[in-house]
**Student:** 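Before we start, here is the structure in question, set down as structure tokens.
Please read these numbers as outputs of a predicted model, since none were measured by experiment. Position 1 is the first residue of the sequence; numbering continues from there.
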Amino acid sequence: MASKHDQLTELLAPVVESLGCELWGLEYFSQGRHSTLRLYIEHPDGVGLEECEKVSRQVSSVMDVEDPIAGEYTLEVSSPGMDRPLYTLEQFTRYVGEQVSVKLRSAFDGRRKFSGLLRGVEGDDVLVVVDEHEYMLPIEMIEKANIIPRF
């Protein structure tokens, strides 16, 4: 059985793409009777308020018809931003050479948090260099990963 995250992604990715945007990522949090559905969208010309509004209206309509979330929920639509989260191996590959922050679901080599250079992707592992030590982090262990913006 697919997870709620996978069901929502399958339902909403085509809706976002039909509006000329890419569904960069989706986060779903359920807190008792109230939930939050957060969509990060990408657009070739950048994401502005207009794109967020269009996607929000269309997604709201689909959610009203399909009703995949029981109870109340808040819908948030935004750009991934400078500290963009990374969800897929393809996204990690696009940002090789950048500094990243990675948090794992459970400890790997005695730690859960890694900040360093994203060196690459090998198979289903993300290669991160921290203090001149290479770590091969399995994608299924990654709870959260973000680009560390350069200023």
**Student:** Using side-chain heavy atoms (C-beta onward) and a distance below 4.5 Å, is L127 in contact with E134?
**Tutor:** yes
**Student:** Measuring from atom CD of E10 to atom CG of L26, what distance do you get when rounded to the nearest 0.5 angstrom?
**Tutor:** 12.5 Å
**Student:** Is there a path of hydrophobic side-chain contacts, each under 4.5 Å between heavy atoms, that joins V126 and I147?
**Tutor:** yes
**Student:** In the single-linkage hydrophobic clustering (I, L, V, M, F, W, Y; side-chain heavy atoms under 4.5 Å), do V62 and I69 co-cluster?
**Tutor:** yes
**Student:** Rounded to the nearest 0.5 Å, how far does CG of L104 lie from CZ of R111?
**Tutor:** 9.5 Å
**Student:** Are the side chains of L75 and L39 in contact, using a 4.5 Å heavy-atom criterion?
**Tutor:** yes
**Student:** Less than 4.0 Å between a side-chain N and a carboxylate O, is that true for R94 and E22?
**Tutor:** yes
**Student:** Just by distance, do the side chain of D83 and the backbone of N146 share a donor-acceptor pair under 3.5 Å?
**Tutor:** no
**Student:** Report the C-alpha distance between R150 and Q99 in whole Å, list the side-chain angles of each, state the deciding distance to 0.1 Å, and finish with yes or no for side-chain contact (heavy atoms from CB on, under 4.5 Å).
**Tutor:** CA-CA 8 Å; R150 289 188 238 179; Q99 294 290 316; 5.8 Å; no
**Student:** Compare every heavy atom of A145 with every heavy atom of F92, then report the nearest pair and how far apart it is.
**Tutor:** CZ-CB, 3.5 Å
**Student:** Can you name the residues that form a ring pair (Phe, Tyr, Trp, His ring centres under 6.0 Å) with Y135, not counting sequence neighbours?
**Tutor:** F114, H133
**Student:** Mind checking the OG-CG spacing from S30 to L37? Nearest 0.5 Å is all I need.
**Tutor:** 11.5 Å
**Student:** Does a side-chain N-to-carboxylate-O contact under 4.0 Å join E140 and R105?
**Tutor:** no
**Student:** Hey, could you give me the CZ/CD distance between F29 and E76, rounded to the nearest 0.5 Å?
**Tutor:** 8.5 Å
**Student:** How many angstroms lie between atom CD of Q58 and atom CG of L12, to the nearest 0.5 angstrom?
**Tutor:** 10.5 Å
**Student:** Hey, is the main chain of V129 close enough, under 3.5 Å, to the side chain of R119 for a donor-acceptor pair?
**Tutor:** no
**Student:** Quick one about Y87 and E27 (side-chain donor to acceptor, distance below 3.5 Å, no hydrogens or angles considered), yes or no?
**Tutor:** yes
**Student:** Using atom types as modelled and distance alone, determine if a side-chain donor or acceptor of Q91 lies under 3.5 Å from a backbone N or O of T88.
**Tutor:** yes
**Student:** Could you state whether I142 and V130 fall into the same hydrophobic cluster, counting links through intermediate Ile, Leu, Val, Met, Phe, Trp or Tyr residues with side-chain heavy atoms under 4.5 angstrom apart?
**Tutor:** yes
**Student:** Which heavy atom of M63 sits nearest a heavy atom of L8, and at what distance?
**Tutor:** CE-CD2, 4.1 Å
**Student:** In the structure I gave you, are the side-chain heavy atoms of M141 and S106 within less than 4.5 Å of one another anywhere?
**Tutor:** yes
**Student:** Determine whether a donor-acceptor pair (N or O, by modelled atom type, separation under 3.5 Å) exists between the side chain of H5 and the backbone of Y28.
**Tutor:** no
**Student:** Kindly indicate, with the supporting measurements, whether the criterion side-chain contact (heavy atoms from CB on, under 4.5 Å) is fulfilled by V102 and S115.
**Tutor:** CA-CA 6 Å; V102 178; S115 289; over 6 Å; no
**Student:** Please answer: with hydrophobic residues joined when any side-chain heavy atoms are less than 4.5 Å apart, are Y40 and V15 in the same cluster?
**Tutor:** no
**Student:** I want to check something: taking the side chain as every heavy atom from C-beta on, are I41 and S78 in contact at a cut-off of under 4.5 Å?
**Tutor:** no
**Student:** Where the side chain of E51 meets the backbone of G48, is there a donor-acceptor pair that is under 3.5 Å apart?
**Tutor:** yes
**Student:** Is there a donor-acceptor pair closer than 3.5 Å between any side-chain N or O of W24 and the backbone N or O of P85?
**Tutor:** yes
**Student:** Could you measure the distance from the CG atom of L117 to the CD1 atom of I148? Nearest 0.5 Å is fine.
**Tutor:** 10.0 Å
**Student:** For F108 and M136, which heavy atoms make the closest approach, and how far apart are they?
**Tutor:** CZ-O, 3.2 Å
**Student:** Heavy-atom count check: over 12 atoms from other residues, nucleotides or ligands less than 6.0 Å from Q31 CD?
**Tutor:** yes
**Student:** At their closest point, which heavy atom of C52 faces which heavy atom of V47, and how far apart are they?
**Tutor:** SG-CG1, 3.7 Å
**Student:** So which atom in G123 and which in L89 form the shortest heavy-atom distance, rounded to 0.1 Å?
**Tutor:** O-CD1, 3.5 Å
**Student:** Give the minimum heavy-atom separation between D125 and P138, together with the two atoms involved.
**Tutor:** OD1-CA, 3.2 Å
